[in-house]
Amino acid sequence: MPAAVVPTVRIQAEDFDVAAEIAKMTQGRADIGAVVTFSGLCRDEAGRLAALELEHYPGMAEAEIGRIAAEAVQRWPLQGLTAIHRHGRIAPGENIVLVVAASTHRQAAFEAANFLMDYLKSRAPFWKKEHHTDGSEGGWVDAKEADDEAASRWKQAVPKRN
Amino acid sequence: MPAAVVPTVRIQAEDFDVAAEIAKMTQGRADIGAVVTFSGLCRDEAGRLAALELEHYPGMAEAEIGRIAAEAVQRWPLQGLTAIHRHGRIAPGENIVLVVAASTHRQAAFEAANFLMDYLKSRAPFWKKEHHTDGSEGGWVDAKEADDEAASRWKQAVPKRN
Amino acid sequence: MSTRLIYFAWVRERIGKPEEDVELPAGIETVADLLRWLKSRGEEYEHALQYPDVIRVAINQEHVEHREKIAGAREIALFPPMTGG
Amino acid sequence: MSTRLIYFAWVRERIGKPEEDVELPAGIETVADLLRWLKSRGEEYEHALQYPDVIRVAINQEHVEHREKIAGAREIALFPPMTGG
């Protein structure tokens, strides 16, 4: 197995380009068999939501996602791993978060991307505030217990290194 | 829940554009929360492989992938599902197959994409022949038992409709 | 009534043609019967169908088991296990 | 030695400032001690830290449990459960 890859982690206000991130990971090489991407988008909640405002903890956001990504690289035989999380005001239909995982085999790419998303949800220091279309502040989004449970399922899981 | 989506299935010799396929699925709407893509690429097998030649069963390829996609749409609450499989000669580093799954929630998108890939591998009528860099014909790729096992795990799995 | 047989990958290469129309003799009721009969038609068929268990079959473009009846099939395809994706 | 406290989301809004430097009194050894002491500093703190169990804490930009010792912390952040991703 080649040396563990160094994950790419970016926290930014600007949008990202999924195809460009895949290209950066795969271009100039022919040893990657599978690329899984996850894009998280801002939903309009049936027209109720005007925008999400994403607050984050600068410094720790990069560090914490970096720690999660480093664990993913340890657990699965990856050839590339990228995580990008936006902050600031995000309108419905826009991108919030992107994960790209590349591997020789598909299950490793699927599992690593899924793992990264579960941990991002429950450990990355970001907070969402809703702004409603009627002009009111919708308040801070409550954390979901389901997200903590989703993250905890990886504690027992034995990674498949196939 | 909205009406079940009609999956997009394409069998083609040309390459595909992941970003364009995501855009087709998400543009003009703001109710999608998660998009998972899987791209399968041709590996060069450490320089041994010059190209893969993908033979397929025209007509049945579309029909069979359509049946698998229709089952995915039944099992998970999806907002969009696309499967594109290339045929013909494919060089290392090039795309072979693309799956895009969109849902309000991330697990549905991950699981549907994973399910579709497992079934594509074991049921879609495509056959890979290897051409080696030394000019020799590498012969037909053997089916992997692991792929049949991967597909069979969905027979017991209870889909999470969260 | 003639039936169209279609071959793919190494089944096609070994039989030496991509497809053919055949008149099935009486008594060929299932896919397994068909494979047994085909195998007796010459050494190219014998070579292609040497291990009938690994041969996958589709009737009218749908996967079927070897015990499936073939009555009414317009198109029967024989091929190795799939390796797409 | 003063310690920088940083607040996020509704913890920040309720306390009414994004950060402050404080001199921790003697006897404040753990995160739980800190939360108890802060809560006594006025009604904005009382409001923010009413249910200490839900408050998440990072020391020097790493998540910690409430039982963690805070000796040597340059930067302690208090915030609600995360809702990113």
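Being a predicted model, the structure only gives us computed values, none of them experimental. Residue numbering restarts at 1 for every chain, and letters A, B, ... go by the order of the sequence lines.
When each of Ala9(C), Pro81(C), Pro80(C), Ala77(C) is checked for heavy-atom pairs under 4.5 Å with chain B, Ala9(C) comes out on top. Interface check for chain C: of the options Gly59(B), Gly139(B), Ala63(B), the most heavy-atom pairs under 4.5 Å are formed by Gly59(B). Interface check for chain C: of the options Arg123(B), Glu53(B), His56(B), Arg86(B), the most heavy-atom pairs under 4.5 Å are formed by Arg123(B). Residue with the most contacts toward chain B among Asn60(C), Thr83(C), Ile6(C): Thr83(C) (heavy-atom pairs, distance under 4.5 Å).
Side-chain contact, Tyr119(B) with Glu64(B): no donor N or O sits under 3.5 Å from an acceptor N or O.
Using a 4.5 Å heavy-atom cutoff, the side chains of Phe126(B) and Ile65(B) are in contact.
Between Trp127(B) and Phe8(C), the two ring planes are parallel [angle under 30°; tilted spans 30° to 60°].
The backbone N or O of Thr104(B) lies less than 3.5 Å from a partner atom in the side chain of Gln79(B), making a donor-acceptor pair.
Contacts between Lys129(B) and chain C at a heavy-atom distance below 4.5 Å involve the side chain alone, from C-beta outward. Of the two parts of Asp147(B), neither the backbone nor the side chain holds a non-hydrogen atom closer than 4.5 Å to a non-hydrogen atom of chain C. With a 4.5 angstrom heavy-atom cutoff, Glu75(C) touches chain B only via side-chain atoms.
Ile70(C) and Leu34(C) get closest at one heavy-atom pair: CD1-CB, 4.3 Å.
Within 6.0 Å of the CZ atom in Arg41(C), the count of heavy atoms belonging to other residues, nucleotides or ligands exceeds 12.
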